[in-house]
Amino acid sequence: MSEQLVPVAPPAGEVSEVARLPELSPQQSHQVVELVFRFFCSLRLTLANLLLLFLAMIAGTFVNPQNDSLVNIERAFAGRTTLLWSYRTFELYDLFHSWWFTALLLSLALNLIACSIERLPRIYYLVRYPETRFDRVVGLRLKVTGAPSAISADAVSDELRRRRFSVRRTGDDIFAEKGRYSRFGVWLVHISLLLILGGGIFGRLTAFEGTVNVPQGGGQADAFIERRPDGGQFRHRLMDGKGARFFVQCDDFRLKEFEPGRPKAFESDLRLFRRMPDGSAGEELARQTIRVNEPLRYAGLTFYQASYQQLERAPRARISVLDKTTGTQQALLVAPSQPIEAADGLSYQLVDYQEDFAGLGPAVQVVRIEEPPGTPRSTDGKPSAAAKITSFWVFNKRPDFDRDNRPDRFAFRFDHITPYYATGLQIARDPSTPIVYLGCFALFGGIGIAFYTSHKRIWAHVASGKISLGGAAHRNLEAFSGEFEELCDALGVPRPAPRKGAQAAA
Amino acid sequence: MGSIQGLLDWGVALRIVAVAGYALAFLGYAARLAVRKLKLDRVATGLAVTAVGAHTAYLVTRWIAAGRIEILLRERTGDVLSGTERFWYMVSHPPYTNLFDALNFVAWAMMVCYLIIERKWGLRVVGVLAVALALVAMGEASLVTDKQIEPLVPALQSYWILIHVAMLFVSYSLFTLGAVCALLYLVRTGTASAWLGGVQAALAALLLTLVGGTQLILGTFQMAPGWVHQVPSQLHKGSFLEVTTAAHYIPAGSDKLAKVLVPVPGVGPFLLAAIVLFLAGAVIYFLARKGPEQGTSALGYKVVAAGFVVLTVGLALLVYRIVNSPEVAFPQGIRPAPGEHGPFRFGIASNYALGLIALVWGLTGGFLVTTPLRDRISAGLPDPRKLEDITYKVIIAGWPLLTIGIVMGGMWANEAWGRFWGWDPKETWALITWVVYAGYLHTRITLGWAGKRPAAIAVFAFAVVVFTFMGVNLGLTGEGLHTYGAG
């Protein structure tokens, strides 16, 4: 036997084996679609999805409790290859965003879609073409049959209309119903869950969040860092929807406390400026004091007060300066040796701080530098040889001491010393928010309809001095049975006999 | 206008009245079951209503006191509050923001729901268990070390706390009642006590193991008794199972607070022995599940009872050690965190751990006490169809609240942190609870299951609710965003 070489390409004019198979008839195609559809409709799939989600989520809360990044995990489990392999393959470092968890959510979503498609026409037919004849309705739990009564069919219809039922008559049969929309409640609940789930998946693809620390006192940032669970980092530039860049400036950060260690509020005074091509500040775009629970929103981005950081720079003093000639007072946050230009040729600098100055409590020492008129502004920040330099102390516990005792145009007050902070901003963008919110509100509505309203139906047959009456509610039959009994009383029909086993004494 | 201290004193008195009322109501409900001739229905209900009244008044004093504290502390630190702000701070601090208050609140919500059920459908037999659970919850609250009202941390200063948390807690209490009805259904329909006891013992062992830490599962159990608030993961080595002081410090190279851990001798072996005995009891019960009903003479019952005795001794020893704790000196080189002042004594590092142990203890004790009375209890129960019906109705009342509560949590998270859902442990476990009850509803409504299987799901789901409510805060599942200093 000679060996035959496998041809690299199929001979010209020949198609593959699969392609040579006969085409499926429309019926057969339908069967395939039907099978797939049936599969995703099935309640067993729902239950399987729920069970798997249940197990996966439990695993998810235990497998990486500290949300360590893959890099850290690789370091910690170095040498344990199987464990590391499973961490990588099944993305256990970020289980809730792993491919298989996403697949599970998708399966649930398809399940929801298929069920919703399958259900809607059924609900519609049930609502659109109800059974209107008393004798064809089976299994009624509220029922009075053949009670002697002189009441006319018109009177029964009127009574039902008075009770806000919509009434249909076919011969001797009366059919009345209200709350038909209630049948759509459960469907709406499922659709809204689908919206929320879909919004979540859309958000997963489009949303991002990151953090940046901005030093108080005018620190700026024009980008923020997104840290990915796999250990990677991504730098996002701040820009609006049109791609125009801007930056955020932190004018001040305040850590307010009831007492040390008990935070009262974290606040940052933020301003957003357009960033010019040369990096300088353009127009001011927005300004807000943000707190936890009160973020700043601009151009689809949201700036949250997430944390703060104490910088290793000298602490600063909160002081206020009163201009005695104009009466204006100015609150300032100044670093040591930072010049305070009070007036032309007159400046001050904080040079020392004592926690307890001679038993008088916290105090800062201020140097007053007065240049003779006409002295050119120094370039190195040092006073000229002709400058008149004096110094004085300002006491925290005696706020009016300096004003009353030192003859000068400017009087100082000293509030407190504060460390130098950077505000920790979380910056996020999530275009799925409107979808998810729509889903949330639809869910509220759906739950309201599905759980707190009911489709109520009454059938009556009035003929030859006898009346038969039946009632059904697809939810909360107990409440409806009271309503039904009232109706019986109003029509002069005996109430239905109580069902077996109901209201047994405990 | 009473002072804040006056309000708090009133609160303490009202809480005592409520607990005493529940205790008497428990006796009333139990007596009318035990002795049929006694016409105690109205007495028991009257006592329960009175206790709920006192409990309501207690919660109101607690709420007002918290509001006043919020205002007082702000004014003391120099804030000038407008009328609107004063009103907001007055209501901003509802009585369920730490574990002590949350347990009291859940007990109250459950009793209110129970009284509504009693009024609508009778079923006073549920009252015994409802009142007993309320007593367990309030007893657990009494064991919690941090009872004082602290001003709310910035993250919780939002109107959402008024609705999001309340809805979830009310749904939890409804689910608890649903589980009670389902359990009674299982007893009434003659479920073998081997099943009930086996599942009970297995869950007890599981919960105690979780409290003990994952190290136990991995087989490297460190025998130092107690519990830490934050059980470190594999990557963050630390000592497990130690009792802490109430003090915090900031470890070197970190900016987070950590608790000072001090081992307490002698308690650990009892805990481990109890776990082993419960596990053994579960296995023995499981093997005997098809045998005849043996009641208290079953081997499994004896083993579980032995485990219960050991757990009781361990728990008593632990409480004794904590109560008689000496002042703890800080180890060399460790300074207390800013704002912490001595003297420091032992406290359970995690009040949630203590709460779970107390719950395991109470449920196991309840099983042991009721098993010999099984036939009498079963005979006194109403038609199983009615129990089944009410289980369903209670769960279907709780489920919308759970759903809306979770969704509103997402909306709050979106406002405060910029994302609806972050797979934070508390969020995830709330969703797990939701999935379990969604499963219950679908098997029950759509699949048409009835009888024991949905009832078993309803009982099992209660364990999930307990873990969501308290277990998550043990720290096994990582430091979440919902563990606001309630440790």
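Numbered from 1 within each chain, the chains take letters A, B, ... in sequence-line order.
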Self-check item: Short side-chain donor-acceptor distance under 3.5 Å, Asn293(A) and Trp412(B)
Solution: yes

Quiz prompt | Options Glu70(B), Glu150(B), Glu118(B), ranked by heavy-atom pairs under 4.5 Å with chain A, top entry | solution = Glu150(B)

Practice problem: Sequence neighbours left out, what passes side chain to side chain donor-acceptor pair (under 3.5 Å) with Glu267(A)? Give chain and number order. | Solution: Arg254(A), Lys256(A), Arg291(A)

Exercise. Tell me, please, which residues at least two apart from Asn396(A) pass side chain to side chain donor-acceptor pair (under 3.5 Å).
Key: none

Below 4.5 Å from any heavy atom of chain B, which atoms of [X] appear? Answer side chain, backbone, both or neither.
{"X": "Ser432(A)", "value": "neither"}
{"X": "Arg429(A)", "value": "neither"}
{"X": "Phe96(A)", "value": "both"}
{"X": "Arg475(A)", "value": "neither"}
{"X": "Ile427(A)", "value": "neither"}
{"X": "Tyr452(A)", "value": "side chain"}
{"X": "Leu43(A)", "value": "side chain"}

Let's test your reading of the structure: which of [options] forms the most heavy-atom pairs below 4.5 Å with chain B?
{"options": "Phe266(A), Phe303(A), Tyr437(A)", "value": "Tyr437(A)"}
{"options": "Leu443(A), Thr433(A), Thr46(A)", "value": "Thr433(A)"}
{"options": "Cys440(A), Ala450(A), Ala428(A)", "value": "Cys440(A)"}

Quiz item: Can we say Lys120(B) and Glu478(A) salt-bridge, meaning some charged N sits less than 4.0 Å from an Asp/Glu carboxylate O?
Solution: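 So Lys120(B) does not pair with Glu478(A) through a salt bridge.
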
Exercise. May I ask you to check whether Phe54(A) and Trp434(B) place their ring centres under 6.0 Å from each other?
Key: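 Between Trp434(B) and Phe54(A), the centre distance exceeds or equals 6.0 Å.
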
Quiz item: Taking all atoms of both residues into account, what is the closest heavy-atom pair of Glu415(B) and Tyr304(A), and its distance?
Solution: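 Looks like O-CE2, 3.4 Å.
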
Quiz item: Under the criterion side-chain contact (heavy atoms from CB on, under 4.5 Å), which of Leu72(B), Ile69(B), Leu73(B) is the partner of Phe258(A)?
Solution: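 The option that passes is Leu73(B).
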
